[in-house]
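Excluded from the calculations below are hydrogen atoms, water molecules and symmetry mates; all remaining heavy atoms, backbone and side chain alike, are included.
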Amino acid sequence: MTTVTNQPGPDREAIADAPNPIGLDGIEFIEYSTARPQALGQVLETMGFRPVARHRSREVLLYRQGGLNIIVNAHFKGTALSEQPVLNAVALRVRDAAAAYRRALDRGAWAVPARVEVMELNIPAVHGVGTSRIYFVDRHQEFSIYDVDFTPIPGVEQHPAALAGLHFFGIVQYIGNERTADWTEFYSELFGFTDLPAEQRFGILPKGRILRSPCPAASRFYIQLIEPDASVLDVEDDEGLHRIGLGSADVLATVAELTQRGVEFVESVNVRSDARGALTKTQLGTVSFEIVHNQPGT
């Protein structure tokens with residue numbers, strides 16, 4: 001999915017250096033690419049998402065529940081798509097997309113060339129971990145990017161309620177050996193993330209380092225950086241986004257509701273559902289969701 005940003009006008013608030021240098025205000029969407037969009041769609045629907053719109057010119061579907069938007073991209077662009085879904089993009093809501101994009105480039109980010117087709121927006125983007133992209137979106141209120149690029153599916157509720165109040169909590173990113181400092185600097189320098197103290201952890205998988213976004217409390221999210229076990233010598237080429245974290249005010253109630261819908265959770269000696277969090281079993285080889293106890297706005 002690509003898309004044009006307007007040049008900043010006089011009514012735009014100037015971007016400050018700190019503590020929220022790009023006016024970050026949460027996650028607009030997370031995107032999977034896959035050669036099996038229907039199979040991934042079934043997984044998402046079991047998790048409570050609903051397909052609400054189709055891209056006007058590409059094989060791309062928008063799934064939604066509450067404030068959660070997930071893009072399923074099966075558009076063939078010259079490189080064969082993997083049958084196993086790949087988390088390949090995150091779109092960040094920002095105050096001014098053009099200004100955020102320029103600031104990221106000024107601080108060393110690599111630009112993603114835009115390939116805009118007729119009747120499409122141009123969403124500026126930089127390279128993220130692995131082959132992923134980080135988009136900047138400033139159209140997310142009265143007028144959104146979906147109003148231009150997507151056509152609503154007839155008869156479908158465009159804003160289905162979130163199951164059990166689910167909301168974006170964060171993203172888990174796997175990184176190479178001794179790369180924690182590098183990625184911490186990347187997210188801190190470009191977007192204003194801060195690393196949390198080692199004793200402050202969430203959920204049932206408290207590995208690695210947790211970075212907190214500078215968003216307001218209502219839209220705050222986290223990035224978890226996880227290096228390989230010490231026995232693994234080199235996985236730098238395998239760096240990438242690994243899974244999505246969803247926040248829930250009542251994890252066990254959410255697990256019960258999702259279980260009734262057919263979602264299976266990991267229940268082992270080391271990992272099991274409790275009031276702090278839960279982990280779904282991996283489907284399609286790569287797709288899993290972590291449920292984390294989190295009260296929206298805290």
If you take all heavy atoms of [X] and [Y], which pair is closest and at what distance?
{"X": "H167", "Y": "G165", "value": "ND1-O, 3.2 Å"}
{"X": "S132", "Y": "L241", "value": "CB-CD1, 4.1 Å"}
{"X": "N177", "Y": "P228", "value": "ND2-CG, 3.6 Å"}
{"X": "G208", "Y": "R201", "value": "O-NH2, 2.8 Å"}
{"X": "A164", "Y": "T254", "value": "CB-OG1, 3.5 Å"}
{"X": "P19", "Y": "P214", "value": "O-CB, 3.4 Å"}

* To do: Check L62, L68, V72 against F49 for a side chain to side chain contact (heavy atoms under 4.5 Å, CB included) and give me the one that passes.
  =>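 It is L68, the one option of L62, L68, V72 that forms the side chain to side chain contact (heavy atoms under 4.5 Å, CB included) with F49.
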* Asked: Among L163, L166, V251, whose side chain to side chain contact (heavy atoms under 4.5 Å, CB included) with L246 holds?
  ->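 Among L163, L166, V251, the one meeting side chain to side chain contact (heavy atoms under 4.5 Å, CB included) with L246 is L166.
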* Charged N to carboxylate O under 4.0 angstrom, D106 versus R103? -> no
* Asked: Looking at E157 and R50, does any basic side-chain N land under 4.0 Å from a carboxylate oxygen?
  ->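 Answer for the salt bridge query: no.
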* To do: For K207 and L205, run side-chain contact (heavy atoms from CB on, under 4.5 Å): C-alpha distance rounded to whole Å, both residues' side-chain angles, the deciding distance at 0.1 Å, then the answer.
  => CA-CA 6 Å; K207 291 184 177 181; L205 298 170; 5.6 Å; no
[X] side chain to [Y] main-chain N or O, any donor-acceptor pair under 3.5 Å?
{"X": "E267", "Y": "S273", "result": "yes"}
{"X": "R56", "Y": "V148", "result": "yes"}
{"X": "D182", "Y": "R179", "result": "no"}
{"X": "R107", "Y": "R102", "result": "no"}

* Can you run down the salt bridge (Lys or Arg N to Asp or Glu O under 4.0 Å) pairs that involve residues 283-298, sequence neighbours left out, and say none if there aren't any? => R243-E290
Contact between [X] and [Y] at the side-chain level, heavy atoms closer than 4.5 Å - yes or no?
{"X": "L61", "Y": "I71", "value": "no"}
{"X": "I226", "Y": "Q224", "value": "yes"}
{"X": "F191", "Y": "I134", "value": "yes"}
{"X": "Y135", "Y": "I145", "value": "no"}
{"X": "P85", "Y": "R36", "value": "no"}
{"X": "S248", "Y": "N294", "value": "no"}
{"X": "Y63", "Y": "N69", "value": "no"}
{"X": "T34", "Y": "V86", "value": "no"}

[X] side, atom [atom1]; [Y] side, atom [atom2] - distance, nearest 0.5 Å:
{"X": "W183", "Y": "E239", "atom1": "CH2", "atom2": "CD", "result": "6.0 Å"}
{"X": "L211", "Y": "L225", "atom1": "CG", "atom2": "CG", "result": "4.5 Å"}
{"X": "I210", "Y": "T194", "atom1": "CD1", "atom2": "OG1", "result": "11.5 Å"}
{"X": "I70", "Y": "F29", "atom1": "CD1", "atom2": "CZ", "result": "11.5 Å"}
{"X": "F150", "Y": "Q158", "atom1": "CZ", "atom2": "CD", "result": "11.0 Å"}
{"X": "L87", "Y": "S33", "atom1": "CG", "atom2": "OG", "result": "8.5 Å"}

* Output, in order, the C-alpha distance, side-chain angles, deciding distance and verdict of side-chain contact (heavy atoms from CB on, under 4.5 Å) for T282 and V287. => CA-CA 5 Å; T282 300; V287 182; 5.7 Å; no
* Just do the side-chain contact (heavy atoms from CB on, under 4.5 Å) check on I291 and L279 with the steps written out, would you? => CA-CA 6 Å; I291 312 298; L279 180 67; over 6 Å; no
With hydrophobic residues grouped by side-chain heavy-atom distances under 4.5 Å, do [X] and [Y] end up in a single group?
{"X": "V292", "Y": "V90", "answer": "no"}
{"X": "V255", "Y": "M47", "answer": "yes"}
{"X": "Y187", "Y": "I30", "answer": "yes"}
{"X": "L284", "Y": "Y32", "answer": "yes"}
{"X": "V94", "Y": "Y101", "answer": "yes"}

* Asked: Is atom CD of E178 surrounded by more than 12 heavy atoms (other residues, nucleotides or ligands) closer than 6.0 Å?
  ->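 Check fails, neighbour count at 12 or below.
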* Before giving the answer on side-chain contact (heavy atoms from CB on, under 4.5 Å), spell out for V266 and K281 the whole-Å C-alpha distance, their side-chain angles and the decisive distance to 0.1 Å. => CA-CA 5 Å; V266 177; K281 289 185 177 180; 4.1 Å; yes
Do [X] and [Y] pair up side chain to side chain, a donor and an acceptor below 3.5 Å, judged on atom types alone?
{"X": "Y146", "Y": "E28", "result": "yes"}
{"X": "Q283", "Y": "S288", "result": "no"}
{"X": "R93", "Y": "S219", "result": "no"}
{"X": "N73", "Y": "H55", "result": "no"}
{"X": "E227", "Y": "T180", "result": "yes"}

* To do: Could you check whether the rings of Y174 and H242 sit parallel, tilted or perpendicular, using 30° and 60° as the cut-offs?
  => parallel
* Residue pairs, two or more places apart or on separate chains, that pass ring pair (Phe, Tyr, Trp, His ring centres under 6.0 Å) and touch residues 252-298 ->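 Every candidate ring pair (Phe, Tyr, Trp, His ring centres under 6.0 Å) pair involving residues 252-298 fails, so no pair, neighbours aside, qualifies.
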* Among F221, Y222, F186, which one satisfies ring-ring contact (aromatic ring centres under 6.0 Å, His included) with F193? -> F221
